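Numbering of residues begins at 1 and proceeds along the displayed sequence. Just so you know, these numbers use all the heavy atoms, side chains as well, and skip hydrogens, waters and symmetry mates. One-based numbering, in listed order, for ligands and for the atoms of each. What you see is a predicted model, and the numbers here were worked out from it, not measured in a lab.
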Amino acid sequence: MEEAEQRHPFLEGLSRHRGAPPTLLVIFGASGDLTARKLVPALYNLALDSLLPADFRLMGFGRKEIPDEQFRTDARASITEFSRRPLEEDVWKDVEGGLYYHQGAYDDPEAYAALAKRIAQMEKEAGHGLQLVFYISTPPGVFEPIVENLGDCGLARHEVKGQTAAKVIIEKPFGHDLASAKQLNEVIVRNFDEGQVYRIDHYLGKETVQNLLVARFANAIFEPIWNREYVDSVQITVAESVGVEGRGGYYDESGALRDMIQNHTMQLLSLIAMEPPVSLAPEGIRDEKVKVLKAVQPLVLHPPEQGDVVRARYKEGLMEGKRVPGYLQEEGIPNDSTTETYAALRLNINNWRWQGVPFYLRSGKRMPRRVSEIAIQFKRPPGILFTGSRRFDVEQNTLVIQVQPDEGMTLLTNSKVPGLETRTQPVKMHFRYATTFGSNTPEAYERLILDAIIGDSTLFIRGDETEASWQLITPVLEAWRDHGQRGLAEYAAGSWGPLESERLLWASGHEWRKAGV
Ligand code: BG6
């Protein structure tokens, strides 16, 4: 145990996680991409740090016929390819023995009856009960039948020593609009209690996102100026350099607003804008996040060219000297697609702290680089001293929180340039995770799976939270659907988005920062 801690200084303080009960994690969608790239490697890394319960088992559930042996071989291959740390034979041996696969159709009650039987047999052989964690990572069309079947076969109410010992983790997308999210919530709470439900937004598992709460509430210097008196605007950028990467079918149904804005960027927004919670208990934090989302004013949509939202899709362009095709040329994208690969929004949070401070959000594919950051731009000082001369280069103070990839925080201030005359120049103070803590940070899924196993729902989305976010986004989706191609701008792959997005900010006297620099 000691050795594991030494290997990983970040995990100090997480020792309470070791008290997790014997657990069986059942992954629905076990042969999917997420399982191979993220879930299995995350579990392996938890095992490597001795953070899994002593009796931990993983069962893949899927339509394909896969013998247990093959499932183990596939798991080993995905660890070898995707784990952040190399496979160690002795740890793998422990992990391997607890891997199983169960074949069945997601809507077939018999498959669930057989699953329940198999679990009962496992418990009998182990001589103790198992907490059941169901991880739903399938295409969204089968979320509801899975939840209903878990309810019908009794596994949703599985008990160990008279206590409910079943949980369900639900991957995104959680609905595709407000009505479908509400319907999914209804199905879930008919079969599970809200306290058993863990809705995933993997951004909440990122170290830098968790650090937002610490940065804001463990420091005394930010909170007094974190409001409309001092903050001029806030910019949240979640940019990706990749295109749709063979996920054309999914992406074209989704688009940037659903895929990134409704969930990931809105989560960043609520953590940045929320009031201090009464405690760090899950409900304290989630209550405050929901309050922020409810205070966001409905977006102005008409006419499409002058509202609070901009949408665009990439056309052919140059990236790192290579020509890359436009969105319509990507595999699986219909010629008459109106799906946006870029969205930018101007939000107004109507509460005492933020009224009048624009929050700008943008996210897009095929941007010049992968970068997620939050920039808090503070108001300018009164312009009486350092203006009116080329000797004074004075910029707005800006606090930039780099979420990824170069995790850290930068504060931009103005300084005197050394010399005999008074000249000013903006300078930056940097804090970098990699420099201070080393670079082998746990992946988001490690933290999230572990939290679900031990029952900490802080980093998961509550039902009312997801509905509040959809409430804001759904009218935009409906308007875009009605507008068809009208108002759908274009940007060259490898650029920072369309001119319309620049105009969105110019209209209120701002401009996008150069993200990631
Ligand atoms: C997913 C989206 O939720 O997040 C993808 O579906 C996107 O389209 C991904 O690429 C980005 O995640 P990360 O962690 O790489 O920023």
Side-chain angles (χ1 to χ4, degrees), residues 29 32-39 41-42 45 82-84 135-140 143 169-176 181 198-212 236-269 271 311 313-314 319 324 327 330-333 337 339-343 361-374 401-408 433 439 441-449 459-461 466 469-470 473 493 515-516:
D33 220 36
L34 188 78
T35 305
R37 282 173 185 272
K38 298 286 180 192
L39 306 185
N45 278 281
F82 300 115
S83 166
R84 70 186 163 90
Y135 196 125
I136 305 182
S137 161
T138 57
F143 284 6
I169 305 177
I170 302 178
E171 258 303 330
K172 65 173 284 230
F174 197 91
H176 55 269
Y198 295 77
R199 296 173 192 78
I200 286 235
D201 182 315
H202 78 278
Y203 268 55
L204 291 179
K206 292 181 190 276
E207 278 293 336
T208 35
V209 176
Q210 293 165 47
N211 189 42
L212 292 176
I236 302 181
T237 300
V238 179
E240 295 185 279
S241 56
V242 291
V244 291
E245 290 197 296
R247 296 157 77 219
Y250 154 78
Y251 194 85
D252 200 59
E253 292 289 310
S254 174
L257 200 63
R258 287 190 177 96
D259 189 47
M260 300 295 280
I261 301 270
Q262 183 273 336
N263 36 51
H264 308 325
T265 50
M266 294 302 281
Q267 284 301 315
L268 299 180
L269 169 92
L271 289 168
R311 62 176 173 146
R313 85 173 156 229
Y314 61 84
M319 294 190 69
V324 296
Y327 180 68
E330 301 271 13
E331 205 186 314
I333 308 301
S337 165
T339 300
E340 78 290 353
T341 59
Y342 174 95
L361 273 49
R362 63 176 162 171
S363 180
K365 300 261 184 213
R366 288 289 189 222
M367 307 261 99
R369 68 180 80 94
R370 175 176 183 254
V371 54
S372 297
E373 66 166 45
I374 302 162
I401 300 163
Q402 284 102 358
V403 174
Q404 62 186 23
D406 187 13
E407 291 92 348
Y433 272 72
S439 57
T441 314
E443 287 241 353
Y445 279 98
E446 294 172 40
R447 175 70 196 248
L448 294 175
I449 293 174
L459 301 177
F460 295 84
I461 317 289
T466 191
S469 173
W470 277 120
I473 296 299

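The contact set between ligand 1 and Lys172, taken as ligand atoms under 4.0 Å from a residue heavy atom, comprises 1 (C), 2 (C), 3 (O), 6 (O). Residue-ligand proximity, Lys365 to ligand 1, at heavy-atom distances under 4.0 Å covers atoms 5 (C), 7 (C), 8 (O), 10 (O). The Glu240 neighbourhood of ligand 1 comprises atoms 7 (C), 9 (C), 10 (O), 11 (C), with distances under 4.0 Å to a heavy atom of that residue. The ligand atoms of ligand 1 that sit less than 4.0 angstrom from a heavy atom of Gln404 are 13 (P), 16 (O). Within the listing of ligand 1, atoms 2 (C), 5 (C), 6 (O), 8 (O) sit less than 4.0 angstrom from a heavy atom of Asp259.
Between Thr341 and Tyr251, the closest side-chain pair of non-hydrogen atoms falls below 4.5 Å.
For the atom pair CG of Asp201 and OG1 of Thr466, the computed distance is 9.0 Å after rounding to the nearest 0.5 Å. Between the CD atom of Glu171 and the CZ atom of Phe143 there is a distance of 7.5 Å, given to the nearest 0.5 Å. Annotation: the span from Tyr135 atom OH to Ile170 atom CD1 amounts to 10.5 Å, rounded to 0.5 Å.
A donor-acceptor pair is defined here as one N or O able to donate and one able to accept, closer than 3.5 Å; such a pair exists between the side chain of Arg313 and the backbone of Ser337. Side-chain N or O atoms of Glu330 include none that pairs as donor or acceptor with a backbone N or O of Gly248 at under 3.5 Å.
Using a 4.0 angstrom heavy-atom cutoff, Glu245 does not count as in contact with ligand 1.
The residue from Lys206, His264, Arg370, Met260 that puts a heavy atom closest to atom 15 (O) of ligand 1 is Arg370.
For atom 16 (O) of ligand 1, the nearest protein heavy atom (residue, atom name, distance) is Tyr203 OH, 2.4 Å. In terms of protein heavy-atom proximity, atom 12 (O) of ligand 1 is nearest to His202 NE2, 3.2 Å.
Among Thr441, Thr208, Asn211, the single residue meeting the side chain to side chain donor-acceptor pair (under 3.5 Å) criterion with Tyr433 is Asn211.
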